[in-house]
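Written below as structure tokens is the structure these notes are about.
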Amino acid sequence: MKPNDFNDIVLNRRSIKRYDPEVKISRDEMEQILTEASRAPSSVNMQPWRFMVVDTPEGKEKLAQMARFNKEQVNTSAAVVAVFGDMKNIENADAIYDKAVELGYMPQDIKDMQLGKIKAHYDNQLENDLRDVVLIDAGLVSMQLMLVARAHGYDTNPIGGYEKDIIAEEFGLDKDRYVPIMLISMGKAADEGYPSYRLPVNDITFWK
């Protein structure tokens with residue numbers, strides 16, 4: 001049974017370190033999960049996230065060597081989604097905004113005006129500033145991916161401990177273009193995982 005309420009999807013999420021290795025996620029369902037996750041918001045709708053799904057024994061074996069402290073998560077998961085940020089995401093601007101016009105989401109004159117401003121902004125943006133935007137947007141899609149996966153009945157865990165400096169090249173991607181964000185292991189938890197304490201909301205909130 002798939003989880004279908006707020007408690008199942010959000011409040012009861014736990015840190016999962018080991019999955020049932022017999023559970024698989026079909027490519028069709030993974031495509032659906034990624035499609036739903038991609039509804040996350042992004043700056044000027046540039047959608048700079050890119051996904052690399054590692055679900056083969058060969059791919060997981062290679063990835064496990066780059067995530068030595070998280071080998072069990074990688075090896076037992078149904079799949080690990082490596083989230084990257086595309087530093088050249090502006091290359092998709094015309095395709096995104098042309099499709100918005102075609103679908104009736106905006107008129108042509110508004111598209112021309114907005115796209116002109118967006119491209120001028122990108123041309124003048126410092127690389128570090130662009131990277132900050134990419135990191136924020138890719139972080140949004142990463143959390144949404146975890147929530148969507150849970151809604152499909154799968155458990156997830158984000159992994160930050162891996163060799164970010166070599167992962168792109170090791171998997172044949174341009175390391176200067178694709179910035180590693182995080183790994184998200186996905187599958188069916190083999191146990192209940194670990195709960196974690198959260199600070200009271202009034203300890204982390206400023207009321208003005």
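Going from atom CD1 of I136 over to atom CZ of R131 covers 12.5 Å, rounded to the nearest 0.5 Å. Separating the CD atom in E31 from the OG1 atom in T35 is a distance of 6.5 Å, to the nearest 0.5 Å. Here E170 contributes atom CD and D165 contributes atom CG; the two are 9.5 Å apart, rounded to the nearest 0.5 Å. Atom CG of D155 is separated from atom CG of D20 by 10.5 Å, given to the nearest 0.5 angstrom. In this structure, the separation between NZ on K62 and OG1 on T56 is 9.0 Å, given to the nearest 0.5 Å. Rounded to the nearest 0.5 Å, atoms CE (M106) and CD1 (I110) are 8.0 Å apart.
Both L135 and W49 sit in one connected hydrophobic cluster of ILVMFWY residues. Membership requires side-chain heavy atoms under 4.5 Å apart, directly or through other members. In the hydrophobic clustering of this structure, M146 does not group with V80; members are Ile, Leu, Val, Met, Phe, Trp, Tyr whose side-chain heavy atoms approach within less than 4.5 Å, directly or through other members. With hydrophobic clusters built from ILVMFWY side chains whose heavy atoms lie under 4.5 angstrom apart, V81 does not share a cluster with M66. Put simply, V148 and I184 are part of the same group of oily side chains (I, L, V, M, F, W, Y) that touch within less than 4.5 Å, one to the next. Note on V134: it clusters hydrophobically with M182, by side-chain heavy-atom contacts below 4.5 Å among ILVMFWY residues.
Checked against side chain to side chain donor-acceptor pair (under 3.5 Å), E61 has no partners two or more places apart in sequence or in another chain. In this structure, the side chain to side chain donor-acceptor pair (under 3.5 Å) partners of D94, at least two apart in sequence or on a different chain, are K119.
The minimum heavy-atom distance between I181 and G85, with the atom names listed, is CG1-N, 3.7 Å. Residues Y19 and T76 share a closest heavy-atom pair of N-OG1, 3.0 Å. Considering all non-hydrogen atoms of both residues, V141 and A40 come closest at CA-CB, 3.8 Å. When all heavy atoms of L130 and M87 are compared, the pair lying nearest together is CD2-O, 3.3 Å. Minimum interatomic distance between A189 and I16 (heavy atoms only, all atoms of both residues): CB-CD1, 3.7 Å. Here the shortest heavy-atom pairing between A64 and V74 reads N-CG1, 4.0 Å.
Using a 3.5 Å distance cut-off with no hydrogens or angles, the side chains of N70 and E72 do not pair a donor with an acceptor. Side-chain N/O atoms of E169 and Y178 include no donor and acceptor closer than 3.5 Å.
With hydrogens and angles disregarded, a donor-acceptor distance shorter than 3.5 Å links the side chain of N75 to the backbone of K71. Put simply, the side chain of D191 never gets that close to the backbone of R18: no donor and acceptor are under 3.5 Å apart. Listed for the S185 side chain is a donor-acceptor partner under 3.5 Å among the backbone atoms of N157. The main-chain N or O of D123 is never found under 3.5 Å from a side-chain atom of Q125 such that the two would form a donor-acceptor pair.
With contacts defined as side-chain heavy-atom distances shorter than 4.5 Å, the pair Q73/I159 qualifies. The side-chain heavy atoms of P48 and V133, taken from C-beta on, include no pair separated by under 4.5 Å. L63 is listed as a side-chain neighbour of I167, based on a closest heavy-atom distance under 4.5 Å. Contact check for Y154 versus E29: side-chain heavy atoms found under the 4.5 Å cut-off. The shortest distance between side-chain heavy atoms of S142 and P158 does not fall below 4.5 Å. Side-chain atoms of L140 and Q144, non-hydrogen and from C-beta on, never get closer than 4.5 Å to each other.
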Checklist line | Verdict with supporting geometry, E163 and Q65, side-chain contact (heavy atoms from CB on, under 4.5 Å) | finding: CA-CA 9 Å; E163 297 183 49; Q65 298 306 311; over 6 Å; no
Note to self: Go through it in stages, so that I can follow the logic: the residues are E91 and N89, the test is side-chain hydrogen bond (donor to acceptor under 3.5 Å, both in side chains), and I'd like the CA-CA distance, side-chain angles, deciding distance and then a yes or no.
What the structure shows: CA-CA 5 Å; E91 291 180 0; N89 60 82; over 6 Å; no
Next item on the list: List the steps, then state whether side-chain contact (heavy atoms from CB on, under 4.5 Å) holds for Y97 with I118.
Entry: CA-CA 11 Å; Y97 278 75; I118 290 168; 3.2 Å; yes
Note to self: Quick one, M46 with D137, criterion side-chain contact (heavy atoms from CB on, under 4.5 Å). Give me CA distance, side-chain angles, the key distance, then yes/no.
What the structure shows: CA-CA 9 Å; M46 281 300 102; D137 289 348; 5.8 Å; no
Next item on the list: Go through the steps to decide whether L145 and M143 satisfy the test side-chain contact (heavy atoms from CB on, under 4.5 Å), and finish with yes or no.
Entry: CA-CA 5 Å; L145 174 57; M143 187 69 247; over 6 Å; no
Item checked: Derivation and outcome, side-chain hydrogen bond (donor to acceptor under 3.5 Å, both in side chains), residues Q32 and H152 -> CA-CA 10 Å; Q32 183 63 31; H152 277 255; 5.5 Å; no
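With Y162 as the aromatic partner, K164 meets the cation-pi criteria of under 6.0 angstrom to the ring centre and within 45 degrees of the ring axis.
Salt-bridge annotation for K188 and E22: absent, with no side-chain N of the basic residue lying under 4.0 Å from a carboxylate O of the acidic one. Of the charged side-chain nitrogens involved, none lies within less than 4.0 Å of a carboxylate oxygen, so that K60 and D55 do not count as a salt-bridged pair. Residues E102 and K99 are paired through a salt bridge, judged by an N-O separation under 4.0 Å between the basic side chain and the carboxylate.
Counting heavy-atom neighbours within 6.0 Å of E127 CD, excluding the residue itself, gives a total of 12 or less. The 12-atom threshold is exceeded at NZ of K24, counting heavy atoms of other residues, nucleotides or ligands nearer than 6.0 Å. At most 12 non-hydrogen atoms from other residues, nucleotides or ligands lie less than 6.0 angstrom from CZ of F206.
Legend: side-chain hydrogen bond (donor to acceptor under 3.5 Å, both in side chains) pairs involving residues 199-208, not counting sequence neighbours, sorted by first then second residue: N202-W207.
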